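A short write-up of the structure that comes next.
Being a predicted model, the structure only gives us computed values, none of them experimental. Here is the naming used below: chain letters follow the sequence lines, and residue numbers restart at 1 for every chain.
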There are 2 protein chains.
Amino acid sequence: MFTLLMSKLYLYPACELINLRDCPMKFEAVTIKDIAKALGLSTSTVSRALRDSYEISPETKKLVLEYAEKINYHPNPIALSLRERRSRSIGVIVAEIANSFFSQAIDGIESIAYKNGYNVIISQSRESFEREQIHLNYLTSRSIDGLIVSVASETKDFRNFKDLHDKGMPIVFFDRVVTDIDTHKVTVDNYQGAYNATRHLIEKGFKQIAAIANSEVLSISRERVAGYKAALADQGIKEKDSFIRHCAHGGLILSEVEEAVSGLLEQKTKPDAILALSDKITTGCFRILKSREIAVPDEIGLIGFSNSDLTELIGPPLSIIKQPAFEMGEIATGLLLQLIESKRPVTEFETKTLAPQLILRESSVNKKDRPVIIR
Amino acid sequence: MFTLLMSKLYLYPACELINLRDCPMKFEAVTIKDIAKALGLSTSTVSRALRDSYEISPETKKLVLEYAEKINYHPNPIALSLRERRSRSIGVIVAEIANSFFSQAIDGIESIAYKNGYNVIISQSRESFEREQIHLNYLTSRSIDGLIVSVASETKDFRNFKDLHDKGMPIVFFDRVVTDIDTHKVTVDNYQGAYNATRHLIEKGFKQIAAIANSEVLSISRERVAGYKAALADQGIKEKDSFIRHCAHGGLILSEVEEAVSGLLEQKTKPDAILALSDKITTGCFRILKSREIAVPDEIGLIGFSNSDLTELIGPPLSIIKQPAFEMGEIATGLLLQLIESKRPVTEFETKTLAPQLILRESSVNKKDRPVIIR
DNA sequence: AACGTTGCCGGGAACGATTGCGTAAATAAA
DNA sequence: TTTATTTACGCAATCGTTCCCGGCAACGTT
């Protein structure tokens, strides 16, 4: 290195000096050429030796491998990507990272991706259609091999996803899936989750149960509301349209939750319990009830979807429907990698539906029954 | 496209058919060559036209740009990376994504990186030295342009970071910094944060204030403990070694927090307040006090570092020292990009210290004073 | 009329790796 | 000995870009 530098300096002193300044030297890239030159071999031989090709003699292999080890050679992943036309990275679009459900899911995604030598590139839609589409564009222009998506609350137009999928981009949806696009999907049994929670409320003596859901177009909202309605029907309770509210931004904006709650409380017969059908709505709802000094569960019972560990510590501890987020991330990634690495185009897609977990605590237990704390 | 395919099919029917099967067609890569061929130009001309070079006539430019737009051309970032020897992606290593502080910081990192056309590759150490080093290795072998790190609790040996930095890899530390390595750092005024919290406890009438900190080697632990001690000293309270506990894994394992709390409660004079000096420890601590049915703050007051929004909803609402996590992520990324894109090697490094925010709620207010709820 | 400028463009070598093909030497088979 | 076969390696193309050259017109200058 030193001698090399010196000789170059001798030939082009100024040029080299400038170069040294301009390039902060980065990571001294030791390439296959360096090995070839040092060992008096061709790059092809070195490459094959490193890949343990049968065409290379054991002695040469040993030589190459030892030298590569010695100078700490690592194949340049970018060169590989260019040649193999795959980047070995997958894109992820979620509403927001700082949401327990998504961060746990990303955790799962990352763990499987890492094990298989893939990078994960994360972006957040913040429930905005526009941001989602921008990120979609950006990610695809960055040549990712596949995509894992939980669509934004605002999104009503799935054409871009559809086009992308039709063009051959492997996509796996999780949590909030797009029913119209035929690909792998990973969800929780939202219907059952909402059904069980509603039924639980009824069993605990609540009569007037309202529901606040995420955006109407979202798959999870439809399924959860359906579960809620079914549970009411099964218990002979008539559903009221005025008891079902939606938050277009998934509760990301507290004011929309506030509006939903207000809408419920202003009615002639007020609800005695609220079923919150999305993470942010659950905690948002509690926040509002608390600020209005409405006692939970004595005045209004509360249960909702949530993946936060801290719900247990809230006063009163919140009953929640918890999704196996980490597992969902793992499964989605497994399916995606399967799609990416499949030799032939995949035409059979599956929808994995996991079981949600109902964790009952104090917030959903009517005073008559208190304390029935099941954990 | 169709005619092209047909002519190829005519020449190499079998070959093409196999190809079509093996390659799930991916993303139909429209390249600069396609444009050149279609327009009867050379690739150099097209490239230059796209980059608006002065060497290209306005007419040709127009032609190329319009055609490129029409067929939706996007430069292949991988080819660019190979040529420019930069991947336009930065690595991030944090303890765990599903931790409010880190997810908020990542949020900030991602926003700035995205604006500047960089990808973010995230990995989690889970406070383990081994995992951290594995990820460090992996990330550097994936040719990232720079690194943002908050070191793991377990890490005592910073040689790999140091070596990497010495080799020219731009690194920015945030939150948990490595004092020995001279590079940009972004922290919060940990000393002041702990000082103010301690002082607040004293003012609220607590006399026996204990502290539970993260791993001893961590910069944040040292600074926070120092602030705690200083506040005691300033108020003429003698510090007790037995009142300072450490959690080697940063509270990631609840049992170590349990052990720390037990250690405090077993003493002849028990503490009447606990200062938790790390996110996980704060909530872990509360969790344990609650499970032991120790009233907060009546029996033991509690305040601690935390970035979770839900601390407000806990019963009783937790007083916290909150870090501007999002902002820290933004600043760290800005500094990193500055480092990456600097023409000449940077030798002057700065440490940005932001102000923590003390949010006082009920958990740190002694009964005599209740209710003094400052928000 | 001869020569220098300028404008505009193409050829081709990189970047780092893989791989189909060709081929020399060494060995085996005839 | 001649021919076939194997062994072990090198050449060169390729992936998509950029950019250093070099070239060829059409000018303008003397």
- Message: I'd like to know whether CD of Glu130(A) has more than 12 heavy-atom contacts from other residues, nucleotides or ligands below 6.0 angstrom.
- Response: no
- Message: Using a distance-only criterion (donor-acceptor N/O pair, under 3.5 Å, no hydrogens), is the base of dG16(D) paired with the side chain of Ser47(B)?
- Response: no
- Note on the structure: On a heavy-atom basis, the closest approach of Ala113(A) and Ile90(A) is CB-CD1, 4.2 Å
- Query: Does His135(A) have its ring centroid less than 6.0 Å away from the ring centroid of Tyr114(B)?
  - Reply: yes
- Hey, mind stepping through Lys162(B) and Asp166(B) against salt bridge (charged side-chain N to carboxylate O under 4.0 Å, His left out) and telling me if it holds? CA-CA 6 Å; Lys162(B) 181 105 180 97; Asp166(B) 288 346; 3.7 Å; yes
- Message: Is it the case that atom CD in Glu84(A) sees more than 12 heavy atoms from other parts of the structure closer than 6.0 Å?
- Response: yes
With 3.5 Å as the limit, what N/O pairs link the protein to nucleotides 14-16 of chain C?
unit_1  : atom_1 : unit_2   : atom_2 : d
dC15(C) : OP2    : Lys33(A) : NZ     : 2.9
dG16(C) : N2     : Ala79(A) : O      : 3.3

- What about the rings of Tyr67(A) and Tyr73(A), do their centers lie closer together than 6.0 Å? no
- Task: Starting from C1' on dG20(C), measure out to CZ on Arg48(A) and report it in whole angstrom.
- Result: 9 Å
- Check the surroundings of atom NZ in Lys61(A): do more than 12 heavy atoms from other residues, nucleotides or ligands lie under 6.0 Å from it? yes
- Ser342(B) side chain to Pro345(B) main-chain N or O, any donor-acceptor pair under 3.5 Å? no
- Query: Where along residues 50-65 of chain B does a heavy atom come under 4.0 Å from DNA chain C, residue by residue in number order?
  - Reply: Glu55(B), Ile56(B), Ser57(B), Thr60(B)
- Item | Between dC9(C) (C1') and Leu39(B) (CG): distance, integer Å | 14 Å
- Can you find an N or O donor on one side and an acceptor on the other, under 3.5 Å apart, linking the side chain of Ser42(B) with the base of dG11(C)? no
- Task: Using atom CG of Asp34(B) as one end and atom C1' of dT17(D) as the other, report the distance to the nearest whole Å.
- Result: 13 Å
